[in-house]
Every structure is written in C-alpha cells, then in structure tokens.
Protein chains: 2
Amino acid sequence: MAAKSQYEELARQLSAIGAVKRGLARILPVECPPGSAAVLTLLERHGNMRLSRLAELMAIDISVTSRHVAHVAERGWIGRSPDPGDKRSRILHLTDAGSAVLHELSLRTTDVLAHTLGDWSDDEVGQLNTMLARLRDSFGDCRSWTSAPHDCGALAPSGGPLTTSAIPATPA
Amino acid sequence: MAAKSQYEELARQLSAIGAVKRGLARILPVECPPGSAAVLTLLERHGNMRLSRLAELMAIDISVTSRHVAHVAERGWIGRSPDPGDKRSRILHLTDAGSAVLHELSLRTTDVLAHTLGDWSDDEVGQLNTMLARLRDSFGDCRSWTSAPHDCGALAPSGGPLTTSAIPATPA
DNA sequence: TATTGTTATACTCTATAACTATA
DNA sequence: TATAGTTATAGAGTATAACAATA
C-alpha cells in the first residue's frame, strides 16, 4: 500500500500523459487515426478474432469498436470472414494492405521514440513497459465500474455524488 | 537507445493506458469532468497563474484551456483577478469552493487507487510516477511537432504522407 | 429469452481560425 | 505589429440506448 500523496501524484501523471499520447497520434497518417491503429495492432498481436473479443482487448464499448472496425474495413486493411460456428459474428483478420499500414506505423513510431527517448536505455524502456502493463492489469476491466471498483461501496465515505458541502450550488 | 520492439511495445502500452484514465475519470463528479479536475489540480500544485501558463502546463491549446477555465469559473471553483501588469490577462486562483472540490477528488482518487493498486508498494508507485514524469519530460512540448520531433526531417525515411505502396486507394 | 453487432444520439476533449482588446 | 484571450467550427473518441439477426 502506497501513501496517499503517491496516489495523487499518479493521478496527475496519468492525466498529463495524454500529451505524450497526442504527440504520438500526431505522426499517424490522416487516414489512420489512433483507433484504427489500435485495431490493426491488436489483430497483429493477438491474431484473428471476433468483434467482441477486440472490444475486450481495447477496453472500450463494442459499439465504439464496431465503428473503428468499419473504418479500417472500408479501407481494405482488414477483412471479415464468416464465423463457421456463429452466423451473428464474423472473424476479423488483417489483409496484406493492413500489414503494410502497420509496417508504416511501426517505422514512424520507432523513429519518433528513438529521437525523443534517445537517452533511455533499453532496460529503462522495458521497465516502463512492464509497469504500465501491470497498471492496466491491476485496473482490470474498469468499464464495468459503477461507483466503486472491486469493493462495492468503497466510495461511500467520499459521499456518492458530491455533497452540498463540497460543491455549492452554482454561484453568481 | 532501446530496441525497436521496446518502442513498439511502449506505443501499445500508451495506447492501452487510456482505459485506466477512463476508469479514473468515471469516478469524477458529473459537474467536474477531467479537464476541470486538471485545472484545479494544477492551480493547487503550481499556484496562481495566467491562462497561457496553464495551457503550457496542460500541454493543450490555449483555446481549449480557456473553455476549461470558463467551466470551473462558472461554478465558482476559481476566480480571475486582474493582472496588475497586463490588462489583457487575468490571474487565476483557487477559491475555497475549488479547494473543497479538490479535496473531494483526492478522496475518491485515493479510494480507488488504494483498492486497485493494493498490492503495489509505495516504492513501486513512486517508480512509476518517476518514469512517467521522465517520459513527459523527454517528449517536451509535443504540441509544436509538425512532421518530425527534435530533428527536422527525421521522419523522411518513413515516407511523409503514406506512400501509395503502403496504402492502396480505397478498394471496393 | 439471451447474445452479437450495428446505428443514432450526445458528451468530452482537442485543434484551427477568426476576432477583440491590450502591449 | 505582436501578444493574451475568447468564441465558433470541426474532428476524434467514447458511452448509452434502440434495433436487427441469430443462438
């Protein structure tokens, strides 16, 4: 268990890390926004899968995943084969064109990171990767959170919706 | 200098860490979206400042910052005092109500992180914080990136806008 | 009846551009 | 002329809800 100040600092860092993500997103081709890049990357890394599985891996709603998939499919970067065992779903797979895009993304990402993180050792980048993976794992699937994580009612002491004492009615 | 695969992995981790951020955002009061929380947090941490300085700290465009600030100001969480030395700008400062909201945010964040990261030691959370801070620092202000970071032309070998070979014209 | 996807709608965040006021 | 902010507009990402097809 860490100190309260460490948790607050982590919250700040996570909030601020968005700038890095945006920086990385800025180098993507116009036709391939971050959502599309994620779809391609996960298909390469985890192999063919159905939409619901992809939504799990991306930790976003299946409706959102559906749109990302439609975007890359329209461009011919993935294909959707019928699922032999379930006519409701299709199996997503990378196409050659998709692999080519992925290769391009890899080149750009590597270029940028090699420049910006030039003074990081391989081991240091590896440590960061390990900790980020663990962080995601610790959070699990936070999409299902309602008011409290793991422990139902954990947030009760904080006062559910902001109490009147903490947030005054809109002034002026 | 790290290996290419480490860079690719980092890109994946950063892409996926959004899920953690969303989980943390979900516990915020309805009236206080992430952008507002960031404004309050930075004012507490760095003290009173003008809008342009806040935009720098948030690493977002000043126009976006202006809207976030307007949101929290409308709720009385911050005040805008005239800048004695420059009538064009105002000095932003937390109000007591803003501090109360900040206290509430701290309670909720700490609750959630204490539960989800219960098996992390204080030192481990500290290490993650340190590395995230360094990562942000290494990236610098990536808002000004155009096609390449630090080195102008670094991305040239990747082929500027996606080449025809990598991205075929929209098929079918 | 339950599950897999798709689509419509709405909200947050961000960037660009045009504009006002002041330096 | 240059800078500090504000506002309008547009694009990306996500969530909820309603709906279609199949299990």
Side-chain angles (χ1 to χ4, degrees), chain A residues 14-26 28-39 49-56 58-74 80-92 141-146, chain B residues 14-39 49-56 58-74 78 80-92 141-146:
Chain A
L14 287 176
S15 166
I17 215 64
V20 175
K21 290 185 64 177
R22 287 195 298 279
L24 231 34
R26 239 181 292 271
L28 296 177
V30 186
E31 287 279 282
C32 186
S36 298
V39 168
M49 66 184 85
R50 38 161 55 181
L51 186 65
S52 52
R53 166 75 175 141
L54 184 59
E56 271 181 41
M58 296 181 77
I60 56 178
D61 193 86
I62 193 174
S63 66
V64 181
T65 313
S66 179
R67 287 187 48 180
H68 287 317
V69 163
H71 182 88
V72 295
E74 283 167 9
R80 293 183 271 200
S81 315
D83 182 337
D86 189 338
K87 288 185 180 175
R88 292 173 304 179
S89 67
R90 287 177 286 183
I91 303 299
L92 312 177
D141 192 343
C142 35
R143 284 179 301 167
S144 53
W145 291 3
T146 47
Chain B
L14 288 175
S15 166
I17 215 65
V20 174
K21 291 185 64 178
R22 288 194 297 278
L24 232 34
R26 237 181 294 271
I27 66 167
L28 296 177
V30 185
E31 288 279 282
C32 187
S36 299
V39 169
M49 67 184 83
R50 37 163 54 182
L51 186 66
S52 51
R53 165 76 174 139
L54 184 59
E56 271 181 40
M58 296 181 76
I60 55 178
D61 193 85
I62 193 174
S63 66
V64 180
T65 313
S66 179
R67 288 189 48 180
H68 288 318
V69 163
H71 181 89
V72 294
E74 282 167 11
I78 70 168
R80 293 184 270 199
S81 315
D83 183 336
D86 190 337
K87 287 184 180 175
R88 292 173 303 178
S89 68
R90 289 177 285 185
I91 303 299
L92 311 177
D141 192 342
C142 36
R143 284 179 300 167
S144 52
W145 291 3
T146 47

What contact category does A:R53 fall into here, base, sugar-phosphate, or nothing, at under 4.0 angstrom with non-hydrogen atoms?
nothing
Mind checking B:R50 for me? I need base, sugar-phosphate or nothing, with any heavy atom below 4.0 Å counting as a touch.
sugar-phosphate
Quick check for you: among [options], whose closest atom lies nearest to any side-chain atom of [X]?
X: A:S89; options: D:dG13, C:dT4, C:dT6; value: C:dT4
X: B:S66; options: D:dA15, D:dT7, D:dA4; value: D:dT7
X: A:P33; options: D:dA12, D:dA4, C:dT12; value: D:dA12

Is it the case that the side chain of B:H71 and the backbone of B:E31 share a donor-acceptor pair, with hydrogens and angles ignored and the cut-off at 3.5 Å?
yes
A:R50 side chain to A:D83 backbone, donor-acceptor under 3.5 Å:
no
Expressed in angstrom and rounded to an integer, what is the separation of [X] atom [atom1] from [N] atom [atom2]?
X: A:M58; N: D:dA15; atom1: CE; atom2: P; value: 10 Å
X: A:D61; N: C:dC11; atom1: CG; atom2: P; value: 17 Å
X: A:E31; N: D:dA12; atom1: CD; atom2: P; value: 10 Å
X: B:R67; N: C:dC11; atom1: CZ; atom2: P; value: 13 Å
X: B:D83; N: D:dT3; atom1: CG; atom2: P; value: 17 Å
X: B:K21; N: C:dT12; atom1: NZ; atom2: P; value: 16 Å

Using heavy atoms to find the nearest nucleotide of DNA chain C for A:A70 and A:D86 separately, return the residue whose nucleotide is more 5′.
A:D86
State, with a plain yes or no, whether a side-chain heavy atom of B:L51 is found less than 4.5 Å away from one of B:R80.
no
Less than 3.5 Å between a donor and an acceptor, one on the side chain of B:S63 and one on the base of C:dT16, is that the case here?
yes
Compare every heavy atom of A:M58 with every heavy atom of A:A38, then report the nearest pair and how far apart it is.
CB-CE, 3.6 Å
